[in-house]
Structure formats: structure tokens, C-alpha cells
Amino acid sequence: MSTVVRGYKTELDLNNTQITACKKHAGCARKAFNWGLARKQEARAAGLPMPNAKQLHKALNALKATEFPYMYEVSKCAPQEALIDLDDAFTNFFRKATLKKQGQFHGKCGYPTFKSRKKGLGGFRLTGAIHVYEKSIQLPRLGTLRLKEKGYLPTNAKIGSATSSECAGRWYVSLSVHEEQTEPFSATGPVIGVDLGVKTLAVVSDGREIANPKALRTRLGKLQRLSRRHSRTQKGSANRKKAQKKLARYHAKIAHIREDTLHQATASLVAKNKPTEKRPAVIGIEDLHVSAMLKNRTLARAIADVGLSEFRRQVTYKAQDAGVQIQVVSRWEPSSKTCSCCGWYNASLSLADRIFVCQECGLVIDRDLNAARNLELLAYLELMSTASYAGFQASGQGSSGFLETEGETALVERGTEPVPMWLVYKSPSFG
């Protein structure tokens, strides 16, 4: 049994007084962050060591009575935790800058910048006496707040902190909970391969298809109309604020639809609540280079609308909790261009070809299903090469139905093609 830190996020049902109190906390946290950032920049410009969060908080407390008397209306945790976040931001910046000099990091280092309420009210983090009930939560200085979702937050657990944030006019609370977790029983179901795409969110090697809701594409027209209405209003007017709220709510709706689809898709693949024999023992997924795929100007919007990286993140942590192994197949494997029956390679297959036709064995199959079956085969072969294969084989686990180990594996030479060899079973069965 081990202790894990798990996050729970749910929406709050606040009245006007509570909303005002939350806005005050968020404002004080933002003010403390900006004030601390200015002090650090002044010290760095003068050639002095930058003060840490503890020193900044001590100096801030000395100025509260004269310069910041409104901070007495909120919990001391809001500005204190904001200064800790500022320290973490500089730590991450210097770490990335060091890695970039060594050639191990190629993105932006992310120097901390000042926060503005024009880009959102933000949030704040509270620690201390936090009590959770079935229908409400009690936070320091805010009192008892109602929850919109009843019975979701754990009531008898150790809570490290509570972070409240605002998005499109709605307030949420996220709890950092320390839980005792037992090691899950290893799943003994089949091996499956999952091919991600744009036309269909995911195609599983056992024949299942998970539809892509296309959250942005199907609502792009209304989103553009709301954006035009917002841009045509006068800055600072009441109508601009109304248009801004409508636009923010619609952006949030699109994001929520995408998030809900990904959670349902990954949960159905992992099948945590099913018996061990019905959960997949291994899930084979492809190591997609999403940032490079987004450089395609024609497909960038459609690819970003799917949420490929978020899908992999969710299926990875959910599989770990359910005792399911994840095998990540190399991105250079031509899973779509290789026949899942005989291993024939079609170098001329384009993205417009949605049906794979094998010139060797005559197999006619959907290209995504063909890729999913190849991913299943590759995941199975990678599993065989690992040390955990002995226990896997002893448990009697198998594939989703199309892998049959009746014959020996054959090596098919690929010559000058991207992958030098392909392992194919002589007698596959697509049961």
C-alpha cells in the first residue's frame, strides 16, 4: 500500500456574497504575485540575490497596514501561496534555461510575467482547516460553500490544499488529496491496439470505434459570430462586457465537450470497473509527434481539436490505476501502410486513401482498423521482449482475437524502407 496525491475538481454553487469574497482572494493573490515579481526584478537588476518566498511574505506583512490594508479581508494563505508559486516559476525558468544551454530543451523557457485581470480573474490556493461534506466544503475565511456535484469529493481523506479558480463566470475548487492506494491486480484480458485519428477519434483492434465529436469544427460558425460581435463593440462599454462573457462561455463549452469525450473514451478502453479478465492486459498506442503534426497548416485545426496528447496522458494514468500495461510503439513504424495479415508494405498509400488493399494476400480493410491491428501486434511483440513476458505468458493472456501464435514468426526484409524488418505471424486469424 502506498500514499498517492490525487486531484479532485468540481464546480461550486456560490451566492453573490461568496463570489465577491472569492474575487477578493483572487485579486490579493494576483497582487502579491505581481508585487513579488517586481521585487525580484529590482534585486536582480541591482546585482543582488533575489529574495525567496519566505522573505517576500515577511516584507509583505510589514506593508499590509499601510499599503495593502484590503489584504486583511482575505486569508493569509492567498498571498502566501502566490509567492510560493512565484518561486516555483523562477525555479522552472532557470531549470529550462540550463537545459536549453545544454541542448536538451528546445521550447520557450517561460520567464515569469505580470498577471492581469483582463486575461481572467485567476485563482488562489488555501491551506489549513479544510473540511469536506457530501454537499458542501468548508474553506478558511470563506466558510461553507455549496457544491453542484454531490458526493464526488472524498469526505474522510487528508487534504493538502484547496485551489479555487474561475472560468467563464463559473467557480471551481480543486483538492489535493493524500490517499492510501493498494496495488491493483494485473489485468488478464486481451492485448488491444488503439489507432488515433481525426476522422474517428480512436479505432480499436477488436473493431470498436470511438467517434470524434469535432467540438470546435461543428461550433466554429457560432464561435466566429460571437467573436465578431465582441470585436465590434466599444471598448469599456457594458455591451462589450456582455459579449465577452458570452464568448468565454462558448469557448468553455467547446473545451468541456472535448474533455468529456476524452474521459469517456479512455475510461471505456481501460475498463477499470470491470473484472480483471475483461480488462485489457496491454494497450498498444502510437508515439505521435503532435507538435510536428500541428505544423501542417491544412490539418492543424482538426488535429488540435482532437486532443491527442491529452488522450495519451489520460489513458496512461488510468491504465496504471487499473493494472493495465501501456506499450508505446515507435512513431516511425508504418502501421497504416503495412498489411496486418501478411506484412506487405504499401509505400504509395496517401492520407486520402481510407481503405487499405493488400496486393499480396488480397485483404481489404479500413486503414485505421488495419493500423490498430498492427499496433496490437507490435505491442505484443514488444511485450514478448520484456522481462515481464514470463508472467504474462504464465497467466494465459492473449490478444484481442486476431493474433494467433500457431506458427513461428517470419522476418520480412524491408530493404531501403523506413523500418528494416517486420514480424508477422504466419497464420493470423481475424476472429
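Here the structure is a predicted model, which means the values were calculated and not measured. Values below: every heavy atom of this structure, side chains too, minus hydrogens, waters and symmetry copies.
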Rounded distance (nearest 0.5 Å) linking atom [atom1] of [X] with atom [atom2] of [Y]:
| X | Y | atom1 | atom2 | answer |
| --- | --- | --- | --- | --- |
| Cys109 | Asn92 | SG | CG | 11.0 Å |
| Ser205 | Asn374 | OG | CG | 10.5 Å |
| Cys167 | His251 | SG | NE2 | 11.0 Å |

Exercise. Is a side-chain donor or acceptor of Gln224 paired with a backbone partner of Gly221 at a separation under 3.5 angstrom?
Worked result: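 Between the backbone of Gly221 and the side chain of Gln224 there is no qualifying donor-acceptor contact (under 3.5 Å).
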
For this session: For the residue pair Thr261 and His263, confirm or rule out a side-chain donor-acceptor distance under 3.5 Å.
Result: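 No pair is found: no donor N or O on one side chain lies under 3.5 Å from an acceptor on the other.
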
Exercise. Are Asp88 and Thr91 linked by a side-chain donor-acceptor pair shorter than 3.5 Å?
Worked result: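 Absent: no donor and acceptor within the cut-off.
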
Going by heavy atoms in the side chains, are [X] and [Y] under 4.5 Å from each other?
| X | Y | result |
| --- | --- | --- |
| Leu216 | Arg301 | yes |
| Leu294 | Asn296 | no |
| Val194 | Val203 | no |

For this session: Go through Thr200 and Asn212 one step at a time and tell me if the side-chain hydrogen bond (donor to acceptor under 3.5 Å, both in side chains) criterion holds.
Result: CA-CA 5 Å; Thr200 305; Asn212 180 12; over 6 Å; no

Exercise. Which atoms form the tightest heavy-atom contact between Pro51 and Leu56, and what is the distance?
Worked result: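 Between these two residues, the closest heavy atoms are CG-CD2, 3.6 Å.
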
Ion pair check, [X] and [Y], cut-off under 4.0 Å:
| X | Y | value |
| --- | --- | --- |
| Asp85 | Arg125 | yes |
| Asp287 | Arg312 | yes |
| Asp353 | Arg367 | no |
| Asp87 | Lys40 | yes |
| Arg373 | Asp195 | no |

Exercise. Would you call the rings of Tyr8 and Tyr152 parallel, tilted or perpendicular, where under 30° means parallel and over 60° means perpendicular?
Worked result: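 Ring orientation, 0 to 90° scale: perpendicular.
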
For this session: Just jot down the salt bridge (charged side-chain N to carboxylate O under 4.0 Å, His left out) partners of Asp321, sequence neighbours excluded, or say none.
Result: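 Salt bridge (charged side-chain N to carboxylate O under 4.0 Å, His left out) check on Asp321 returns Arg6.
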
Exercise. Would you find more than 12 non-hydrogen atoms of other residues, nucleotides or ligands less than 6.0 Å from Phe185 atom CZ?
Worked result: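 Count not over threshold, so no.
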
For this session: Verify the neighbour count for atom CD of Glu183: are there more than 12 heavy atoms of other residues, nucleotides or ligands below 6.0 Å?
Result: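 No.
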
Problem set entry | Cation-pi, Tyr172 ring and Lys9 (6.0 angstrom, 45 degrees) |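 Because its charged atom sits under 6.0 Å from the ring centre and within 45° of the axis, Lys9 does stack over Tyr172.
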
For this session: Report the C-alpha separation of Thr3 and Glu180 in whole Å, then their side-chain angles, then the decisive distance to 0.1 Å, and conclude whether the side-chain hydrogen bond (donor to acceptor under 3.5 Å, both in side chains) test is met.
Result: CA-CA 5 Å; Thr3 303; Glu180 296 291 336; 2.9 Å; yes

Problem set entry | Residues Arg258, Asp305; criterion salt bridge (charged side-chain N to carboxylate O under 4.0 Å, His left out); working and verdict | CA-CA 8 Å; Arg258 185 185 300 113; Asp305 194 18; 2.8 Å; yes

Exercise. Hey, do the aromatic rings of Phe33 and Phe114 have their centres closer than 6.0 Å?
Worked result: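 No, the ring of Phe33 stays outside the 6.0 Å limit from the ring of Phe114, centre to centre.
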
